[in-house]
Amino acid sequence: MDYNFQEIEQHWQTEWEKAGAYKVSNTSSKKPFYVLDMFPYPSGAGLHVGHPLGYIASDIYSRYKRLQGFNVLHPMGFDSYGLPAEQYAIQTGQHPEKTTFTNIARYVEQLRKIGFCYDWDREVRTCMPDYYKWTQWAFIQMFNSYFDTSLQKAQPISRLIAKWEAEDPTWTTLTEKQQQERLMNYRIAYLADTKVNWCPQLGTVLANDEVSEGLSVRGGFPVEQRVMRQWCLRVSAYAPRLLEGLNHIDWTESLKETQRNWIGRSEGAEMRFNIKGQEEPFTIFTTRADTVFGVTFMVLAPESEYVKRVVTEDKKAEVEEYLTWCKHRTERERIADRKVTGVFTGSYAINPLTHAEIPIYISDYVLAGYGTGAIMAVPAHDSRDYAFAKHFNLPIIPLIEGADVSEQSFDAKEGIMINSGFLNGMEVKDAIRAMKEHITNTGIGRVKVNYRLRDAIFSRQRYWGEPFPIYYKDGMPYAVDEKDLPITLPEVDNFRPTEDGRPPLGNAKDWTYKGYPLELCTMPGFAGSSAYFLRYMDNHNTQALVSKQANEYWRQVNLYIGGTEHATGHLIYSRFWNKFLFDLGVICEDEPFQKLINQGMIQGRSNFVYRYIGEGATGNLYISYNLIDNPEYKDKVQPIHVNVNIVKNDILDIDAFRNWMPEYKNAQFVYSDGTTDQDNPYLGTPAEKQYICGWAVEKMSKSMFNVVNPDDVIAQYGADTLRLYEMFLGPLEMSKPWDTNGIDGVHRFIKKLWNLYEDINNDEPTANELHSLHKLIKKVTWDIENFSFNTSIPAFMIAVNELGKCHKRAILAPIAILIAPYAPHIAEAMWEKCQMVDGASSKRTFVIDAEWPVCEEKYLEESTIKYPIQFCGKVRFTLEMSKDASKEEVEKIVLADEQTIKQLAGNTPKRVIVVPGKIVNIVV
RNA sequence: GCGGCAUUGGCGGAAUUGGUAGACGCGCUAGACUUAGGAUCUAGUUCUGCAAGGAGUGAAGGUUCGAGUCCUUUAUGCCGCACCA
């Protein structure tokens, strides 16, 4: 019988749905296992063939775990608030909810066709009130909490109030507004004036991870710095725990390293420098306390609080001018143009060790947001200070023996100290330690750990996001009552900001709570994705984000598969969010994702035709790729993207090309053999006449005509072939181009496999057949355990070849189970055929209810063992022995064969080594 | 600049513990079957050589009886971070 994949796949997808085969219960005696995909943002373009790569991998693992007897939670949902739907709404007036739901429907349909084992009852959508109720709820908890630095965990803000009431007599004298303002400095979700990334084109602020090189990640629009009053999350308070937690989770080293970089811990010291003629000192942060003797000037960030204090009257105008200039420089300009700029403040600081007077400058190479926004400059040993010193002609004092600082600074942290008072003669490392001790003892400063991680800016001046559960009274924010959640997103008739520049929610009618105005901003994209993994555990719960019982059963995500692009966004925020909920006692695990795998990207593989543009060109002649380097065409052709769906194995479908676009209707070709259409009035058959296309690996995108839709692949080959082929492409974690050239091979294999399930009998399997089967069991089990999915497929192919015409149920039934994770539809059909042998009951049982077969080593042992023998690494021959032979017997024969070895080698062997297995050294 | 990862035939890639490198697939070559084939089947396919043989996992060293695998140096590519003091 032919392999009718369409019928098989449709049939079993319906059966699964009817039976609720993938429904997962929160109460089971089975061991729980939680496999999670990063849920997608449903874009208008639908899924392309690259998106399901990770989903297929996680599906394989889920199905495998299920067959191993685990209760597997494997849900899917949609990150459905976001900019594209809103941009589309602004352009068309279409409500973003409508486009979002349409897109989701398309995604669900596409995912369903691939045959994933999702429990759709657990679907979440971040834009639904029953979901974002809990996003808002979490926000209120953050608003009502502060971070206790000594306990290193979040605590209810009421404790802080109680403490102040008891211990701080000034507290009760404050007005309510003053009290609220003071509390705002402690809340985990707080309102503050901060310098933000403002994107005028998008009309909103963006988080640091949403900006790259001064451009917005979404859309690539310029981003400028602005001070605005924004909601922030005190993520930085969790920096030590976010860093430490990385040691206990099973993520790739590169991803952990990315997060470590982003958190940016640096150990150093804070030191106070006195200002000449002033009482109050100012504080700087340095990691090179050892270099204090080489400080020849100080630099403040333009935005620094200290600037006001140190500018002298005569320098005021000059400084003002510089500050204004800085303000108007965008982040992008700053990065692009790194020439030295700065201005002298007129004031001098006193070096606390040398007591020298050193000038204080302002320059934008010092960042306000890091450390204290002020530095001590050591030009000899810091390249940025060096450039500044050269530009302003400031002294450069070398502090390390043998360091030549006439041309450039010596930045390395090694060498022997000189010119450094009591540090002279020490190694740099010791000097740092000694100086830290010195400044601590003398009270000049203290040891300090600094983090680069900043608080997350949490307001977006947009419509399509979660409303804040916050209202304003007397200009101060208050959280709405939890029982009034969710605060649902209001309808507006215009998705743009209001005339007077307020966010779009300013267009809503009656946007108030108990008569007070509600917050007009909405939450950013990462709000909804920060705890979705918890909601899947208990998504219908109306009383809590997740019940204690459900959370204690599932605990945490055991396997998370997703792209590496979320390394510094979602994967930091959700860890933070999770730790916060852990502090609250809402959940029982500190880290959300135990193991994380980054699937590689699937790039597009573009195809090109080569239009002739040389002498006498009509613009209508296309040269086959293999000819374009010929002298007559070289540099006279122009590559043009051609739709990859009308190219197969780099051979162009001529008719399809002529019909593709009107401009190609009369296209003429120079074929691979050099002939043209004129030479072949009858238009040769495709076998004889081939037009070969060039190719390149590029991002998969519409404009390159290289997008491959999984629906098309499924229509042509079936979902099982798609699933197998995506895995077969290469290691999961590697990026690779989508190349349809190999898909036929995989499809052929499935057909061969299917043919084995014809006329199944109950005969006893032979030793060889059992050997093939158990080899396969061992291999496939190992592969899945180790996420090496690509190597299982060859193993199946080999097994099918070895089994040839074997139709025995005892062999075929286990193979149906083994392939079920990879190709679930055909596995069901194969399983069913195995159940119906000998007129046995036609009762349908699912392969997913079967048990994963166990490899029995006894079938793997061969009757003989081959020992390849190496002599002095030169001569090899094979010694075939009974498998029962003892080590001594092997040695005996090897020794007996010494004559042969000698003959072959021509001299006395020093050693004979027998492989495989244990090394047997025989020294003669 | 700092950090991480990679580099194996014409191509994608195997080699799991240091033990016969190139599994499996694509492509290619030859043959069979066919009115035909973008179908199917069989055989071959790292390079070099008529052959015996020799060479061979980016490059150069090292450890080892034995290295794609471990160590050192280096080159190239990809990714992350970056006036972070």
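In what follows, every chain begins at residue 1, and chains take the letters A, B, ... in the order their sequences are listed.
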- Query: Is a donor on one side and an acceptor on the other found under 3.5 Å between the side chain of Trp738(A) and the backbone of Val708(A)?
  - Reply: no
- Find the distance Asn755(A):CG to U40(B):P and express it as a whole number of Å. 11 Å
- Message: Please report the distance, rounded to the nearest Å, between CD1 in Ile743(A) and P in G12(B).
- Response: 18 Å
- Any idea which heavy atoms bring Lys256(A) and Ile249(A) closest together, and the distance? NZ-O, 3.0 Å
- With a 4.5 Å limit on heavy-atom distance, are the side chains of Ile572(A) and Gln259(A) in contact? yes
- Out of A23(B), G25(B), C83(B), whichever nucleotide has its closest atom nearest the side chain of Ile798(A): A23(B)
- What's the closest nucleotide to the Glu257(A) side chain, out of G4(B), G13(B), A85(B)? G4(B)
- Message: Heavy atoms from C-beta onward define the side chain here; which of C83(B), G13(B), A23(B) lies closest to that of Lys736(A)?
- Response: G13(B)
- Task: Verify whether one side chain among Asp385(A) and Tyr365(A) offers a donor that lies under 3.5 Å from an acceptor in the other.
- Result: yes
- Task: State which of C83(B), G13(B), C81(B) makes the closest approach to the side chain of Tyr365(A).
- Result: C83(B)
- Its glycosidic angle compared against 90° from 0, G9(B) adopts the form syn
- Nucleotide nearest Lys779(A) when distance is taken to its side chain, options U16(B), C81(B), C24(B): U16(B)
- Query: Rounding to a whole Å, what distance do you find between Arg454(A):CZ and C81(B):C1'?
  - Reply: 14 Å
- From A14(B), C24(B), A85(B), pick the nucleotide closest to the side chain of Met797(A)? C24(B)
- Hunt down the Watson-Crick or G-U wobble partner of C70(B), both distances under 3.5 Å, from any strand shown, or write none. G62(B)
- Counting side-chain heavy atoms from CB outward, which of U16(B), G80(B), C26(B) is closest to Thr258(A)? G80(B)
- Go through A14(B), A85(B), U16(B) for me and flag the one nearest to the Asn790(A) side chain. A14(B)
- Whole-Å distance separating the CZ atom of Arg748(A) from the C1' atom of G27(B): 11 Å
- Query: Which one, U40(B), A85(B), C24(B), comes nearest to the side chain of Val366(A)?
  - Reply: A85(B)
- Query: Looking only at atom C1', what distance separates G10(B) and U45(B), rounded to whole Å?
  - Reply: 11 Å
- Item | Whole-Å P distance, U73(B) and U29(B) | 47 Å
- Going by an N to O cut-off under 4.0 Å, is there a salt bridge joining Glu802(A) and Lys775(A)? yes
- Item | Among A85(B), U40(B), C81(B), the one nearest Lys751(A) by side-chain distance | U40(B)
